[in-house]
Number of protein chains: 2
Amino acid sequence: MARPRKFDEERAVDAAMHAFRTAGYEATSTQDLCEATGLGRSSIYNTFKSKHDLFERALDRYMGERNGELFALMESDLPVREKIRTHLERVVEEECGGKGDRQGCLVVNTAVEVSARDEQVAGELARDYRLRLEVIRAALASGQRDGDIAADKDVTALAHLIIAAVGGLRVSARCGADRRALGGVVEGVMAAL
Amino acid sequence: MARPRKFDEERAVDAAMHAFRTAGYEATSTQDLCEATGLGRSSIYNTFKSKHDLFERALDRYMGERNGELFALMESDLPVREKIRTHLERVVEEECGGKGDRQGCLVVNTAVEVSARDEQVAGELARDYRLRLEVIRAALASGQRDGDIAADKDVTALAHLIIAAVGGLRVSARCGADRRALGGVVEGVMAAL
DNA sequence: TTCGTTTTGGACTGGTCAATACATAACACC
DNA sequence: GGTGTTATGTATTGACCAGTCCAAAACGAA
């Protein structure tokens with residue numbers, strides 16, 4: 001009944017996500033988004049309300065992908081310590097893994113760059129945090145029942161610790177810490193479980 | 001021999017630092033810097049080469065102030081565990097302490113927002129990281145000689161862990177984690193020492 | 001084919017960006 | 001008081017910003 005789109009909306013969000021991850025929110029212009037997605041301005045503004053709206057779509061997508069991986073890992077049948085170790089080592093690998101990619105974690109970047117000035121985004125980040133917390137907490141609680149985690153440990157506190165460790169690894173990597181240093185951090189966190 | 005300045009350069013850097021901390025590098029315009037410092041554009045560009053130059057001055061100043069506090073704490077005669085705990089709790093207090101201040105850590109903000117696209121800044125961050133690492137490592141080594149830290153611990157790895165913990169606390173706080181959650185993180189890190 | 005609807009490209013909006021130019025003001029020194 | 005030098009205020013630069021407008025294009029349905 002009308003002219004159909006000749007692009008895939010999800011693909012566009014994906015390309016925008018890539019752009020935001022590499023340059024951050026402020027430093028990514030709408031022109032950059034046009035080039036990243038291959039779309040014209042009209043298509044972008046016809047599909048998304050604004051740069052901010054597209055950003056939120058990209059952030060949602062990023063969270064969805066990442067949490068999918070996290071949930072799959074936490075629901076796997078690895079021993080709980082291996083789940084946690086794998087989670088942390090994936091972060092190290094991503095931050096240090098060469099290839100010049102260098103695109104950061106959109107959640108960490110957003111928390112630092114925009115959350116303080118954007119309540120809506122801050123709300124999304126908080127929601128996402130609670131989600132991650134609960135999944136990790138559940139895995140730890142299950143491990144506690146198996147005897148892999150000492151019974152006197154507070155698994156909620158440990159889950160907070162693991163989430164903080166991820167953020168800390170990313171920030172340290174951005175400050176120039178190398179793979180060996182980050183590996184040591186992972187060991188230190190594992191020792192606290 | 002010529003017209004003297006009627007403002008204090010260090011004061012101006014301090015005001016700029018405040019502006020950059022609250023809004024980040026990209027989102028702080030030169031106009032914002034004029035308003036924050038109370039100077040005209042001419043004075044700013046006459047004193048500093050560029051926005052980027054002023055930012056680096058502000059970053060340097062921030063690092064100097066913060067490291068001064070850190071060094072004083074690490075050279076105090078508290079037991080080493082108390083030094084570390086105090087260091088971490090200051091971060092929690094700063095991130096959670098109400099007052100609506102809400103200005104973040106310029107080092108963490110910069111590491112996340114600009115280091116990937118600015119080699120010079122990345123170099124400064126790396127230098128600063130090494131400085132903090134060494135001071136904390138020395139304090140831990142001293143504590144190890146006193147028997148406050150187990151002899152089989154790798155104090156360099158622990159120092160990396162503590163630095164990462166600071167970054168992690170700040171990121172988690174930005175994601176909405178409350179004081180209690182962050183307090184638990186501090187306990188978890190202390191348990192690893 | 002024709003019509004109705006939507007997408008698309010590209011020009012365009014007012015506003016803001018970092019940075020500069022230039023004239024004037026304010027001082028130290030003589 | 002005059003002179004040289006620097007600081008400052010204001011206007012302005014060209015580039016870019018996010019977002020809008022509109023005409024033309026492309027399709028489904030009739």
Side-chain angles (χ1 to χ4, degrees), chain A residues 1-59 106 109-110 113-114 117-121, chain B residues 1-60 106 109-110 113-115 117-121:
Chain A
M1 194 134 158
R3 178 174 176 177
R5 285 213 179 122
K6 74 179 181 204
F7 68 92
D8 177 354
E9 189 166 320
E10 291 308 305
R11 251 197 209 317
V13 173
D14 203 68
M17 182 180 89
H18 189 280
F20 283 126
R21 284 182 69 183
T22 41
Y25 179 74
E26 296 287 345
T28 301
S29 70
T30 52
Q31 182 61 33
D32 293 334
L33 292 169
C34 289
E35 283 159 23
T37 58
L39 304 182
R41 313 178 78 67
S42 298
S43 296
I44 285 186
Y45 278 92
N46 189 44
T47 310
F48 311 99
K49 290 202 307 266
S50 62
K51 173 184 172 181
H52 188 271
D53 182 63
L54 176 51
F55 176 75
E56 286 196 298
R57 290 282 301 270
L59 180 58
L106 197 54
N109 295 2
T110 302
E113 193 195 349
V114 338
R117 287 171 300 132
D118 189 324
E119 273 192 46
Q120 194 173 348
V121 166
Chain B
M1 194 130 160
R3 177 175 178 178
R5 279 206 185 131
K6 74 178 180 204
F7 67 91
D8 177 354
E9 188 166 319
E10 291 308 306
R11 252 196 208 319
V13 173
D14 204 67
M17 183 181 89
H18 189 279
F20 283 126
R21 283 182 70 185
T22 42
Y25 180 74
E26 296 288 345
T28 302
S29 71
T30 52
Q31 183 60 32
D32 293 334
L33 292 169
C34 288
E35 284 160 22
T37 59
L39 305 182
R41 312 181 78 69
S42 299
S43 296
I44 285 187
Y45 278 92
N46 190 42
T47 310
F48 312 100
K49 291 203 308 264
S50 62
K51 173 184 173 181
H52 187 272
D53 181 63
L54 176 52
F55 176 75
E56 286 196 298
R57 290 283 301 272
L59 180 58
D60 275 348
L106 198 54
N109 294 3
T110 302
E113 190 195 349
V114 338
S115 79
R117 286 170 301 132
D118 189 323
E119 273 192 47
Q120 194 173 347
V121 166

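Because only heavy atoms are used, hydrogens play no part in the values below, and waters and symmetry mates are left out as well, while side chains stay in. Here is the naming used below: chain letters follow the sequence lines, and residue numbers restart at 1 for every chain. Owing to the predicted nature of the structure, the values given are computational and were not obtained by experimental measurement.
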Checklist entry - Closer than 4.0 Å, any side-chain N/O of S29(B) to the OP1 or OP2 of dC17(C)? => result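 Looking at the OP1 and OP2 atoms of dC17(C), one of them is under 4.0 Å from a side-chain N or O of S29(B).
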
Checklist entry - Does dA25(D) have OP1 or OP2 sitting under 4.0 Å from an N or O in the side chain of R3(A)? => result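 Answer is no, no contact under 4.0 Å.
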
Next on the checklist: Check this for me: R11(A), atom CZ, are more than 12 non-hydrogen atoms of other residues, nucleotides or ligands nearer than 6.0 Å?
Outcome noted: no

Next on the checklist: So for atom CD, which belongs to E10(A), do other residues, nucleotides or ligands contribute more than 12 heavy atoms lying within a distance under 6.0 Å?
Outcome noted: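 Yes, enclosed.
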
Using atom [atom1] of [X] as one end and atom [atom2] of [N] as the other, report the distance to the nearest whole Å.
X      : N       : atom1 : atom2 : value
L33(B) : dT16(C) : CG    : P     : 16 Å
K51(B) : dA15(D) : NZ    : P     : 19 Å
E9(B)  : dA7(D)  : CD    : C1'   : 13 Å
D53(A) : dT20(D) : CG    : P     : 12 Å
D32(A) : dA18(D) : CG    : P     : 8 Å
F55(B) : dA18(C) : CZ    : P     : 13 Å
N46(B) : dT24(C) : CG    : P     : 19 Å
Q31(B) : dA19(C) : CD    : C1'   : 13 Å

Checklist entry - So which nucleotide from dA18(C), dA18(D), dT6(C) ends up closest to the side chain of A2(A)? => result dT6(C)

Checklist entry - From the list dT8(C), dA18(C), dC27(D), which nucleotide is the closest neighbour of the side chain of F7(A)? => result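 The closest nucleotide is dT8(C).
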
Next on the checklist: Heavy-atom nearest nucleotide on DNA chain C for P4(B) versus T30(B): which residue maps closer to 5'?
Outcome noted: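 Going by which nucleotide is closer to the 5' end, it is T30(B).
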
When rounded to the nearest 0.5 angstrom, what is the spacing between [atom1] in [X] and [atom2] in [Y]?
X      : Y      : atom1 : atom2 : answer
M17(A) : T22(A) : CE    : OG1   : 10.5 Å
F48(B) : T30(B) : CZ    : OG1   : 13.5 Å
L33(A) : L54(A) : CG    : CG    : 5.5 Å

Side chains of [X] and [Y] in contact at under 4.5 Å (non-hydrogen atoms):
X      : Y      : result
F7(A)  : T47(A) : yes
Q31(B) : R41(B) : yes
Y45(B) : L39(B) : no

Checklist entry - For the helix from dT1(C)-dA30(D) to dC30(C)-dG1(D), how many degrees between its two end axes (five pairs per end), to the nearest 10°? => result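 About 0° separates the two local helix axes.
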
Between the protein and nucleotides 20-22 of chain C, which nitrogen or oxygen pairs come in under 3.5 angstrom?
residue : atom : partner : partner atom : Å
dA21(C) : N6   : S42(B)  : OG           : 3.2

Next on the checklist: Quick check: on DNA chain D, is the nucleotide nearest K6(B) upstream (toward 5') of the one nearest H52(A), or the reverse? Name the residue that is more 5'.
Outcome noted: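 Closest to the 5' end, via its nearest nucleotide, is K6(B).
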
Checklist entry - Just by distance, do the side chain of D32(A) and the backbone of S29(A) share a donor-acceptor pair under 3.5 Å? => result yes

Checklist entry - So what does S50(A) touch, heavy atoms closer than 4.0 Å: a base, only the sugar-phosphate, or nothing? => result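 Result for S50(A) = sugar-phosphate.
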
Checklist entry - Reckon S43(B) touches a base, only the sugar-phosphate, or nothing at all at heavy-atom distances under 4.0 Å? => result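 Counting heavy atoms under 4.0 Å across all strands, the contact made by S43(B) is with sugar-phosphate only.
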
Next on the checklist: For Y25(B) and F20(B), take the angle between the two ring planes, folded into 0 to 90°, and tell me which bin it lands in: parallel under 30, tilted 30 to 60, perpendicular over 60.
Outcome noted: parallel

